[in-house]
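Quick caveat: nothing in here was measured; it's all calculated off a predicted structure.
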Amino acid sequence: MKLELRTLTGGYGAKLVIDGVSLTIREHSIVTLLGPNGCGKSTLLKMIGRILKPRSGEVLLDGKAINRFDTIQLARRLALLPQQQHAVPDLTVEELVMLGRFPHRRGPWSASVRDREAVNKALRMTRLETLRRRVVGTLSGGERQRAWLAMTLAQEPELLLLDEPTTFLDICCQFEIIELVRSLNRQFGMTVIMVLHDLNLAASCSDELIMLKDCTIRHAGPPREVMTPEILREVFSIESRITWSPEGIPYCMALGSTRAMEPPC
């Protein structure tokens, strides 16, 4: 599966949020979008997932524009987990995960043996087998996020889009979600594009970091190439020190802001 973005431009109403973004995503890779608030990370993810129509430019999946796929065709290849999810609170975990089978089911009320196998597999992968009968509204934040991720896995996509999957989770749950994403990528070759705010979490799991600012891509490359004090100063307006793990992963220690301080009132 090859994903290409060609001069994407778009936003909301008169506000331009993404301006002329071009990018090729390597198959079977984990790519993380980073940048300050309002730089266009989530907007770009929505354009890739066909949730938001660009003003110009196009997204190509294996050379075919995604607006030429019908909804079922696209849902069999691509799954998007948005930042905020909305579901009927009295659904069980199993019922929620079964919703992910919609592109494969022959009818809304029938579940095939293949559907049940896919749901069971998604529950195993997210370690939710013992919670399958639990009502979603009774789950903890980390459990609920795993349930939503299981729903997207039940779609059996080639490309997984995640918008801030670790937001509002404690540090242990954050690592569990990221480790699950890495496992999906390694074991099943799933291509993952996600939005994160934590630089170090992104560097620890990503093949490539895409750093956006002012509506466009400023830097893109492996963590070891783009996690530098100079680039972090340019993109995030921070002074930083970079340390390295034994595995060669760069980690950022933020030392302070470079923004001019506002005079006191």
Side-chain angles (χ1 to χ4, degrees), residues 3 5 21-42 44-45 48 81 83 125-127 141-142 145-146 149 159-261:
L3 180 70
L5 316 182
V21 167
S22 295
L23 183 66
T24 298
I25 304 294
R26 288 192 295 112
E27 190 175 20
H28 310 314
S29 63
I30 298 178
V31 176
T32 299
L33 307 179
L34 296 164
N37 290 338
C39 70
K41 303 182 295 294
S42 294
L44 183 58
L45 203 70
I48 297 172
L81 182 60
Q83 184 178 352
M125 291 165 65
T126 53
R127 304 195 312 278
Q145 192 71 338
R146 295 208 320 267
L149 187 54
L159 172 61
L160 183 60
L161 308 177
L162 304 173
D163 193 357
E164 300 189 31
T166 60
T167 298
F168 306 126
L169 300 182
D170 65 41
I171 191 167
C172 182
C173 289
Q174 290 180 34
F175 280 115
E176 287 179 347
I177 293 296
I178 292 302
E179 188 53 44
L180 175 57
V181 170
R182 293 176 66 182
S183 177
L184 294 172
N185 171 259
R186 291 168 176 170
Q187 294 184 38
F188 304 102
M190 193 176 294
T191 303
V192 180
I193 306 175
M194 59 183 170
V195 172
L196 291 177
H197 278 290
D198 190 312
L199 291 170
N200 293 330
L201 204 59
S204 71
C205 68
S206 304
D207 298 300
E208 187 168 11
L209 303 179
I210 309 296
M211 295 195 177
L212 296 98
K213 187 178 183 181
D214 298 333
C215 308
T216 192
I217 294 175
R218 289 292 186 88
H219 299 277
R224 64 181 179 275
E225 295 180 7
V226 298
M227 281 273 283
T228 68
E230 296 77 18
I231 289 177
L232 297 180
R233 185 183 305 116
E234 174 193 346
V235 175
F236 294 96
S237 301
I238 61 169
E239 293 292 354
S240 62
R241 180 182 299 129
I242 302 300
T243 59
W244 297 84
S245 75
E247 297 77 24
I249 298 171
Y251 289 100
C252 165
M253 179 184 295
L255 302 177
S257 171
T258 64
R259 292 175 183 164
M261 297 296 292

For the student: nearest non-hydrogen atoms of Ser240 and Leu232, plus distance: OG-CD1, 3.5 Å
Which pair of non-hydrogen atoms, one from Leu196 and one from Pro165, has the smallest distance, and what is that distance? CD2-CD, 3.9 Å
Given side chains that start at C-beta, do those of Arg127 and Glu176 come closer than 4.5 Å, heavy atoms only? yes
With sequence neighbours left out, write down each residue that passes side-chain contact (heavy atoms from CB on, under 4.5 Å) with Ala220, or none if nothing qualifies. Glu208, Ile210, Ile217
Which heavy atom of Val235 sits nearest to which heavy atom of Leu212, and what is that distance? CG1-O, 3.8 Å
CZ on Arg182 to CD1 on Ile177, rounded to 0.5 Å: 14.0 Å
Under a 4.5 Å cut-off applied to non-hydrogen side-chain atoms, are Val21 and Leu44 in contact? yes
Interatomic distance, Leu159 atom CG to Ile193 atom CD1 [nearest 0.5 angstrom]: 5.0 Å
Rounded at 0.5 Å granularity, tell me how far CG in Leu201 sits from CZ in Phe175. 6.0 Å
Return the minimal non-hydrogen interatomic distance between Asp170 and Cys173, and the atom names on each side. OD1-N, 2.8 Å
If only atom types and distance count, is the side chain of Lys41 paired as donor or acceptor with the main-chain N or O of Pro36 below 3.5 Å? yes
Atom OG1 of Thr32 and atom CG of Leu199: how far apart are they, to the nearest 0.5 Å? 10.5 Å
Partner set under side-chain contact (heavy atoms from CB on, under 4.5 Å) for Phe168, not counting sequence neighbours: none
Hey, what do you get for CG (Leu184) to CD (Glu179), rounding to the nearest 0.5 Å? 10.0 Å
My understanding is that only residues two or more places apart in sequence, or in another chain, count here; which of them pass side-chain contact (heavy atoms from CB on, under 4.5 Å) with Asn200? Asp198, Met227, Tyr251, Cys252
Below 4.5 Å, heavy atoms only, C-beta onward: do Met194 and Ile178 meet side chain to side chain? yes
Could you tell me whether the side chain of Leu160 reaches within less than 4.5 Å of the side chain of Asn185, counting heavy atoms only? no
Can you list every pair that meets salt bridge (Lys or Arg N to Asp or Glu O under 4.0 Å) and has a residue in residues 217-230, with sequence neighbours left out? Asp214-Arg218, Arg218-Glu234
Roughly how far, to the nearest 0.5 Å, is CD1 of Ile30 from OG1 of Thr191? 9.5 Å
For residues Gln83 and Ser42, report the shortest heavy-atom separation together with the two atoms involved. OE1-OG, 4.4 Å
Salt bridge (charged side-chain N to carboxylate O under 4.0 Å, His left out) involving Arg26 - partner list, sequence neighbours excluded: none
Nearest heavy-atom approach of Ile231 to Val226 is CG2-O, 3.4 Å
Mind checking whether Val181 and Met190 have side chains closer than 4.5 Å, heavy atoms only? no
What residue pairs, at least two apart or across chains, pass salt bridge (Lys or Arg N to Asp or Glu O under 4.0 Å) with a residue in residues 236-253? Arg233-Glu239
